[in-house]
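Only one structure is covered here, and it is reproduced in the block below.
Letters A, B, ... mirror the listed sequences (proteins, then strands); counts begin at 1.
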There are 2 protein chains.
Amino acid sequence: MYSIRELSEIAGVSARTLRYYDQIGLLKPAYTNEAGYRFYGEQEINMLQQILFYRERGMDLKSIRKILYDEEFDLAGALEEHLRDLEQQKNRIDLLIDLVQRSIRAMKGVGDMRDAEKFQAFKENAVKQHEDMYGAEARRKYGDEEVDEAQRKVLNMTEEEYERFENLGKEIRERLKEAVLADVSPDSEEAGRIVMLHKEWLGMTWKKYTEEAHKAMANLYISDERFQAYYDREVPGCAVFLEQAIRNKVGAEK
Amino acid sequence: MYSIRELSEIAGVSARTLRYYDQIGLLKPAYTNEAGYRFYGEQEINMLQQILFYRERGMDLKSIRKILYDEEFDLAGALEEHLRDLEQQKNRIDLLIDLVQRSIRAMKGVGDMRDAEKFQAFKENAVKQHEDMYGAEARRKYGDEEVDEAQRKVLNMTEEEYERFENLGKEIRERLKEAVLADVSPDSEEAGRIVMLHKEWLGMTWKKYTEEAHKAMANLYISDERFQAYYDREVPGCAVFLEQAIRNKVGAEK
DNA sequence: CTTGACTTTGACGCTGCGTCAACTTATATC
DNA sequence: GATATAAGTTGACGCAGCGTCAAAGTCAAG
């Protein structure tokens with residue numbers, strides 16, 4: 001029989017820990033004195049070793065109790081679930097590391113760090129908004145990898161690059177509107193130039209440009225109401241015009 | 001001016017969170033009503049965005065407060081420190097994942113999982129004890145990588161392998177004692193056989209066997225009192241005998 | 001003046017113990 | 001048997017970052 005201090009020294013845990021384990025019903029002493037003193041036997045040492053075995057693997061005490069006391073408990077299943085949990089934690093940390101590294105890079109060489117901070121936050125906001133609006137659709141169509149990569153590209157842009165990206169988008173919409181209002185043909189030279197701008201604009205976020213993807217994107221503009229609404233907001237017909245122009249130009253280049 | 005609910009909706013956090021931030025002095029409202037109602041302005045929105053910016057990167061609120069309120073605070077330094085912290089967390093998780101994966105593998109195909117569990121714990125104990133005793137010395141001499149690899153090798157042993165490993169060690173010590181008691185020469189055939197056993201024994205944990213390392217190990221036996229004590233515990237002279245035998249045999253093989 | 005929507009403070013809960021504090025017991029010494 | 005000391009006991013608070021009641025006060029609208 002071992003006193004609480006003896007067991008704590010054998011197992012390398014504090015007496016407080018043993019009392020706590022008693023309290024939550026994880027490890028009861030073999031018996032208690034009439035004065036309330038706790039005494040542990042060999043069995044309890046074994047139990048404690050098992051507890052520590054799982055604790056070292058990062059399991060919470062509630063799960064450990066289930067493993068050790070629920071008869072016929074699915075041990076293998078519990079371990080695999082715990083493994084998945086750990087991998088999620090790891091993914092989360094990897095994400096944080098990525099974010100912090102990017103922030104450090106972005107703030108280096110920039111005069112005002114607070115400025116860089118705000119710019120970062122701004123880009124993140126833009127990406128998040130975009131994700132909320134088109135994320136599901138894009139992921140279904142191009143896959144998670146492509147979309148994640150595109151987002152990474154945006155997040156890594158410098159202020160100059162981002163400004164160019166925004167201006168490009170604006171210029172496309174402007175020239176589209178003018179073309180549609182002037183009733184220009186989607187086969188015209190101006191339409192071709194707009195398509196080239198659009199291609200450049202896409203290239204700033206896509207991992208790699210392909211004609212297929214470009215045409216698929218164009219198709220989205222007329223088939224998905226949210227995309228269509230985006231281009232037709234001020235002048236109706238822009239989405240259709242852009243789609244035709246892309247279909248002509250990108251098909252003809254071949 | 002925004003009420004607490006308005007700000008919480010703008011920023012996507014709960015009102016409770018805002019009250020908590022007020023309480024810990026992280027974000028005070030622009031002013032409070034005579035009734036205690038909190039009201040926030042544009043400045044506070046900005047502040048909150050900054051807070052959330054760092055919170056998303058996994059920083060604790062205390063650090064964030066320092067960053068935002070301590071004038072001339074070393075922002076870059078804080079970010080890099082945080083990065084190191086995250087990397088440590090990642091290392092810890094990687095270690096846990098490794099442990100759990102090994103446990104899952106070890107328990108698969110074994111009849112009694114509790115048995116496998118105990119065996120794992122047993123090996124871990126052995127490795128830990130060894131680390132406590134010789135770890136620092138070994139790491140200085142062979143480097144962390146080698147030692148870690150050796151430990152991994154032991155931890156991955158099956159029960160049969162581990163038994164063989166233990167028996168080999170015991171046999172070496174037994175035959176050493178007999179040889180020394182019988183006053184056999186370190187040049188003798190029996191000494192040679194012991195050296196071969198010792199080589200096999202080392203091979204079970206070392207990443208790769210080299211004669212240099214073998215001789216260095218032998219040298220440890222006579223130069224380090226803890227190693228010497230290990231072999232001389234029952235019959236004095238065993239450590240010296242083994243060292244000489246290894247020096248002869250390993251040198252002569254060339 | 002009443003209703004209903006908001007807001008306030010206060011307090012417990014969660015995780016796994018560390019760390020007092022105030023007391024009671026066991027053990028060794030004289 | 002008295003006493004000093006070591007070891008044990010049961011609370012209870014603290015930590016981080018809020019979620020989640022509860023009880024009570026406040027505001028704008030009708």
Touch class at under 4.0 angstrom, heavy-atom based, for B/Ile24 against every strand present
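Contact class for B/Ile24: none.
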
Phosphate OP1/OP2 of [N] contacted by [X] side-chain N/O (<4.0 Å):
{"X": "B/Tyr20", "N": "D/dA16", "answer": "no"}
{"X": "B/Arg19", "N": "D/dC18", "answer": "no"}
{"X": "B/Thr17", "N": "D/dG17", "answer": "no"}

What residues form a side chain to side chain contact (heavy atoms under 4.5 Å, CB included) with A/Leu96, not counting sequence neighbours?
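Side chain to side chain contact (heavy atoms under 4.5 Å, CB included) check on A/Leu96 returns A/Arg92, B/Leu86.
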
Exercise for the section: Apply ring pair (Phe, Tyr, Trp, His ring centres under 6.0 Å) to A/Tyr20 and list each qualifying residue two or more places apart in sequence or on a separate chain. Expected result: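 Counting only residues at least two positions away or on another chain, A/Tyr20 forms no ring pair (Phe, Tyr, Trp, His ring centres under 6.0 Å).
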
Checking A/Phe39 now: which residues fulfil ring pair (Phe, Tyr, Trp, His ring centres under 6.0 Å) with it, not counting sequence neighbours?
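Ring pair (Phe, Tyr, Trp, His ring centres under 6.0 Å) list for A/Phe39, sorted by chain: A/Tyr31.
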
Strand contacts (DNA chain D) in residues 25-40 of chain B, 4.0 angstrom heavy-atom criterion:
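Correct list: B/Asn33, B/Glu34, B/Ala35, B/Tyr37.
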
Residue pairs fulfilling salt bridge (Lys or Arg N to Asp or Glu O under 4.0 Å) with at least one residue in residues 12-34 of chain B, sequence neighbours excluded
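Qualifying pairs, neighbours excluded: B/Asp22-B/Lys28, B/Asp22-B/Arg38.
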
Exercise. Among residues 3-16 of chain B, which residues get a heavy atom nearer than 4.0 Å to DNA chain C?
Worked result: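 DNA chain C contact set from residues 3-16 of chain B: B/Ser3, B/Ile4, B/Arg5, B/Arg16.
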
Q: Choose from D/dG19, C/dC17, C/dT8 the nucleotide whose nearest atom is closest to any side-chain atom of A/Arg55.
A: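 Closest of the options to the side chain of A/Arg55: C/dC17.
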
If we only count heavy atoms from C-beta on, is the A/Leu99 to A/Leu95 side-chain gap below 4.5 Å?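 The answer is yes; the side chains approach within 4.5 Å.
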
Intermediate values then yes/no, side chain to side chain contact (heavy atoms under 4.5 Å, CB included), B/Gln43 and B/Asn46:
CA-CA 5 Å; B/Gln43 263 240 285; B/Asn46 270 332; 5.7 Å; no

* To do: Take the protein atom CD of A/Gln23 and the nucleotide atom C1' of D/dG11, then report the distance between them rounded to whole Å.
  =>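 Spelled out: CD on A/Gln23 to C1' on D/dG11 is 10 Å.
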
